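Values below: every heavy atom of this structure, side chains too, minus hydrogens, waters and symmetry copies. Just so it is clear, the model here is predicted, and its values are computed rather than measured. We count residues from 1, following the sequence as given.
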Amino acid sequence: MTITYEWRGDFGDAALDALHAEAFGGPPAGIDWRARLERHSLGWVCAREDGSLIGFVNVLWDGGVHAFLLDTAVARHHRSRGVGAALVAAAAEEARAAGCAWLHVDFEEHLRTFYVDVCGFRATPAGLIAL
């Protein structure tokens, strides 16, 4: 089957909510994804196979040169097949096209290989405050 990737692709809230829940654990949260993304995002990338949403990444930005990845999600049965890396590559390309010079991502240690080795991010020092 062919997987397609679309910048600012159309999606249903229920489909994205289910994919997010599968990727991050827990039940679907009933989030109005469309409203959230339209309000806060530069864009997002949807991955589809046969019309089904199988991957997603959100790209936020500061309105200038910094973009930020959030919510990289790939359906369980499509993991380790390059879908996540293709999502991140498409997000980087579109952020660059929008004039961004930097793409940031925070990740848990178990995802270091994916983001640093596979996607090409450089590890940097950062700070975090739990609120």
Side-chain angles (χ1 to χ4, degrees):
M1 299 293 159
T2 301
I3 298 173
T4 60
Y5 299 86
E6 184 179 9
W7 176 246
R8 294 184 70 91
D10 195 26
F11 61 86
D13 282 336
L16 182 51
D17 207 30
L19 177 64
H20 192 272
E22 178 184 345
F24 295 98
I31 294 170
D32 183 348
W33 285 101
R34 175 67 59 189
R36 180 180 286 185
L37 295 174
E38 292 292 342
R39 184 171 181 194
H40 299 290
S41 298
L42 171 64
W44 55 90
V45 182
C46 294
R48 298 188 178 289
E49 184 178 63
D50 293 332
S52 295
L53 185 66
I54 60 148
F56 174 86
V57 67
N58 186 9
V59 183
L60 290 88
W61 72 325
D62 66 352
V65 298
H66 295 271
F68 309 84
L69 285 186
L70 285 179
D71 299 321
T72 306
V74 176
R76 196 169 283 115
H77 62 284
H78 283 82
R79 291 182 189 159
S80 299
R81 293 177 39 195
V83 174
L87 286 166
V88 171
E93 179 180 324
E94 294 293 344
R96 186 179 303 107
C100 294
W102 301 98
L103 183 60
H104 304 263
V105 67
D106 290 327
F107 52 84
E108 295 178 0
E109 187 60 34
H110 73 277
L111 295 171
R112 176 176 292 279
T113 298
F114 172 71
Y115 284 110
V116 174
D117 298 340
V118 175
C119 295
F121 283 87
R122 179 173 47 93
T124 62
L128 178 67
I129 297 174
L131 303 175

What residues form a side-chain contact (heavy atoms from CB on, under 4.5 Å) with [X], not counting sequence neighbours?
X	value
I3	Y5, A47, E49, I54, H78, R81, V83
E6	none
R76	E22, R79

Over all heavy atoms of both residues, which pair between [X] and [Y] is shortest? Give the atoms and the distance, please.
X	Y	value
S41	N58	OG-OD1, 2.6 Å
A18	P28	CA-CG, 4.4 Å
G9	C46	O-SG, 3.7 Å

Within 6.0 angstrom of E38 CD, more than 12 heavy atoms from elsewhere: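 Above 12, so yes.
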Please answer: with hydrophobic residues joined when any side-chain heavy atoms are less than 4.5 Å apart, are [X] and [Y] in the same cluster?
X	Y	value
V116	V105	yes
L70	L111	no
V74	V118	yes
L69	V65	no

Non-neighbouring partners of [X] that pass salt bridge (Lys or Arg N to Asp or Glu O under 4.0 Å), sequence neighbours left out:
X	result
D117	none
R36	none
E109	R112

D32 backbone acceptor or donor facing D13 side chain under 3.5 Å: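 Answer holds: no.
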Any W7 side-chain heavy atom under 4.5 Å of V59 side chain: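 Side chain of W7 against side chain of V59, heavy atoms only: contact under 4.5 Å found.
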F56: hydrophobic cluster co-members (side-chain, 4.5 Å):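 Once heavy-atom contacts under 4.5 Å are chained together, F56 belongs with F11, L16, L19, I31, W33, L37, W44, L53.
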From CG (D106) to CZ (F68), nearest 0.5 Å: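 D106 CG to F68 CZ: 9.0 Å, rounded to 0.5 Å.
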Qualifying salt bridge (Lys or Arg N to Asp or Glu O under 4.0 Å) pairs, either residue in residues 122-131, two or more places apart: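 Those involving residues 122-131 do not exist here.
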Steps toward side chain to side chain contact (heavy atoms under 4.5 Å, CB included) verdict (L42, L60): CA-CA 5 Å; L42 171 64; L60 290 88; over 6 Å; no
F114: partners by ring-ring contact (aromatic ring centres under 6.0 Å, His included), with sequence neighbours left out: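 For F114 there are no ring-ring contact (aromatic ring centres under 6.0 Å, His included) partners, ignoring immediate neighbours.
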Name each donor-acceptor pair under 3.5 Å that joins a side chain in residues 85-104 to protein atoms two or more places apart or in another chain, with its distance.
from, atom 1, to, atom 2, distance (Å)
H104, NE2, H66, ND1, 2.6

